[in-house]
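Just so you know, residue 1 is the first one in the sequence shown, and it goes up from there.
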Amino acid sequence: MTTTIPAHTGGIVRWPALPRGDVLATTAGLTTCLLPFLNPAGPGNTAPADAGILLSILLAVLWAAREHLPIKLPYAAGVAGMLLGGAVAELVSVAPGRTGLVLVQDLLLFAWGVTIALGRHNRAMISAITVAWCRTATIYSGVMVVAYVLGINSIAGVTARDGVRAAYTFGDANLAGNYLVMSLFVIAACKHPRSPGVRKIAYLLVLIAIGFTGSNGAMLTLLIGLVLSFAVTRYRNHGAVAGVSALAVTALLGGLVVGVVMPRVDLTTVREHAAGSIPILRDSVGRSANSSSQRATIDQEGAGLFLRGDAIGYGPGRTKTTLQATQAPYVKEAHNDYLATLLERGVIGGIGLLLFGIALFARCLRLVFGTLPKPYAEVVPRAWLLAVIGPVMATAAGFYEVLHFRHLWTWLGLIAALVLVMQDQAQQQRKATS
């Protein structure tokens, strides 16, 4: 979907005073630096990055108006479906609570993604965001690792609630782990820091920081991402046969582990040993059985709630209050984007989520098989590794509600911008040959 802001042609006000694209690039880059700083949260779970997001959106509107730029609305059909489903559910829901704030957050994050997609018109935006992300993740990981090792819990985010797991400045160890896993692949895709030696140090710092979160979900998604990165990189460097072979070999090894090795391993014993081992294993692997049991209970209650409903939904953010109203034995939020969307936004929202997933899948495929123009390829030399984040986040959505993660929408905007650049290049080539 595309819209265009008409340029102002009359009146006393002179448009040269409006912000240029480089101002927007700087603001978007600084906003990206603020993504990890979520705790302590402000009213309505606001964070410092939200001020930057709002300012970036405003500057984007002014820049687009000044330059008369067409504005693409990536993922519009899916987002519209989820918003419509949420709005309809809000109108008919009988559960207590106000959900208007959730829908406003949806719109804000979508607008942030659209803003980043304007990077198709200005490479400096993509450069500012990716460089800021890579440098911030590296420095942030280094500082947090040092704080954790030195026992500075106020910085490392270690609390009695989570044992020795580090939540850093995210307020949640799983959220911290998810951000860091995504950051690892952004660093690999952008090859930033440029020095291979410094980049290896960056990888190491981020991996250690992920380990200190004790997030089992982060470890699982990291493994999935590494396997897919290996297969896709083999394809890009050596052709389709090498890529398919790499994927087949890893799938075979995974099948052997699941089908042959795992049945011969007593997972209960492993968890018991972990529970009595070093603190970080105790609070990660050692708690995995309890965590899995809780998630299974949440999924069962959520599925039952959906089946007892009328397919319209209970309203965004109302899973917990609805479970309380029905006197469910275990009252928690869904912790699963797929279930949460169906529960809170109904079938309409579910269709929207499906359309959103299809749009994202198509863009990820385009990055895997396509080639960026040289100016953008210099900024993101291995763009196909950004596409790997798609399956990573799709997996994470099975045990977190990731659709409100600010770093997710930053990545979505980058993906959209790069694919639009490819489409612009193809269109120019067709015009040149016609």
Side-chain angles (χ1 to χ4, degrees), residues 35-36 133-134 136-138 140-142 144-145 148 156-157 162 164-168 170 172-192 199-234 246-247 249-251 253-255 257-258 261-262 270 274 278 280-281 283-288 291-292 295 335-337 360 364 367-368 382 384-402 405 407-408 410-412 414-415:
L35 291 177
W133 194 331
C134 295
T136 299
T138 301
Y140 181 87
S141 296
M144 293 303 156
V145 166
Y148 187 90
D162 291 326
V164 298
R165 299 176 64 201
Y168 306 129
F170 286 86
D172 182 274
N174 292 323
L175 176 55
N178 183 264
Y179 167 82
L180 292 168
V181 168
M182 184 182 283
S183 298
L184 189 75
F185 293 108
V186 173
I187 292 171
C190 299
K191 298 180 74 172
H192 196 91
R199 193 161 62 248
K200 289 177 182 176
I201 295 173
Y203 291 146
L204 181 62
L205 289 173
V206 175
L207 284 171
I208 294 173
I210 292 171
F212 286 161
T213 66
S215 172
N216 295 322
M219 293 300 179
L220 174 61
T221 54
L222 175 62
L223 178 61
I224 291 171
L226 291 174
V227 168
L228 291 175
S229 295
F230 172 68
V232 173
T233 301
R234 289 281 296 175
L247 191 59
V249 169
T250 52
L253 291 175
V257 170
V258 174
V261 177
M262 295 300 288
V270 172
I278 60 175
I280 192 65
L281 287 179
D283 294 331
S284 56
V285 178
R287 66 174 178 84
S288 59
S291 178
S292 299
R295 292 188 186 281
H335 294 292
N336 176 324
D337 263 324
L360 177 56
C364 288
L367 285 184
V368 170
R382 297 185 289 203
W384 58 89
L385 293 182
L386 286 181
V388 167
I389 296 174
V392 165
M393 295 305 290
T395 303
F399 33 85
Y400 312 135
E401 293 185 49
V402 304
F405 289 0
H407 57 269
L408 170 70
T410 306
W411 169 76
L412 288 170
L414 287 173
I415 290 288

Between P36 and T136, which heavy-atom pair has the shortest distance, and what is it? CG-CG2, 4.1 Å

With side chain to side chain contact (heavy atoms under 4.5 Å, CB included) as the criterion, how do R165 and N174 come out once you've worked through the C-alpha distance, each side chain's angles and the decisive distance to 0.1 Å? CA-CA 9 Å; R165 299 176 64 201; N174 292 323; 2.9 Å; yes

Which residues pass the side-chain hydrogen bond (donor to acceptor under 3.5 Å, both in side chains) test with W133, not counting sequence neighbours? S183

Nearest heavy-atom approach of A209 to V145 is N-CG2, 3.8 Å

So which heavy atom on Y168 is nearest to which on A176, and how close? CD1-CB, 3.9 Å

If you compare all heavy atoms of V388 against all heavy atoms of S229, which two are closest, and at what distance to 0.1 Å? CG1-OG, 3.6 Å

Please tell me if the side chains of V186 and C134 come closer than 4.5 Å, counting only heavy atoms from C-beta onward. yes

When rounded to the nearest 0.5 angstrom, what distance separates CE in M144 from CD1 in I208? 15.0 Å

Working to the nearest 0.5 Å, report the span between CG of L412 and CG of L360. 6.0 Å

Just by modelled atom types, is the A188 backbone N or O under 3.5 Å from a matching donor or acceptor in the R382 side chain? yes

Rounded to the nearest 0.5 Å, what separation is found between the CG atom of L222 and the CG atom of L207? 6.0 Å

Over all heavy atoms of both residues, which pair between A173 and A166 is shortest? Give the atoms and the distance, please. CB-O, 3.6 Å

Considering non-hydrogen atoms only, spot the tightest contact between F185 and L226 and give its length. CZ-N, 3.6 Å

Kindly say whether L35 contributes a backbone atom to a donor-acceptor pair with the side chain of Y179 at under 3.5 angstrom? no

Not counting sequence neighbours, which residues clear side-chain hydrogen bond (donor to acceptor under 3.5 Å, both in side chains) with T221? List them please. none

Is there a side-chain contact between V164 and Y148 in this structure, where contact means two heavy atoms from C-beta onward sitting under 4.5 Å apart? yes

Do L184 and Y203 pass the side chain to side chain contact (heavy atoms under 4.5 Å, CB included) test, and can you show the C-alpha distance, the side-chain angles, and the key distance before you say yes or no? CA-CA 7 Å; L184 189 75; Y203 291 146; 3.7 Å; yes

From T213 atom OG1 to D172 atom CG, the distance as rounded to the nearest 0.5 Å: 9.5 Å

Taking only distance into account, with no hydrogens and no angle test, what donor-acceptor pairs under 3.5 Å do side-chain atoms of residues 390-399 form with protein atoms, sequence neighbours excluded?
from: T395; atom 1: OG1; to: P391; atom 2: O; distance (Å): 2.9

From N336 atom CG to E401 atom CD, the distance as rounded to the nearest 0.5 Å: 7.5 Å

Rounded to the nearest 0.5 Å, what separation is found between the OH atom of Y400 and the CG atom of N178? 6.5 Å

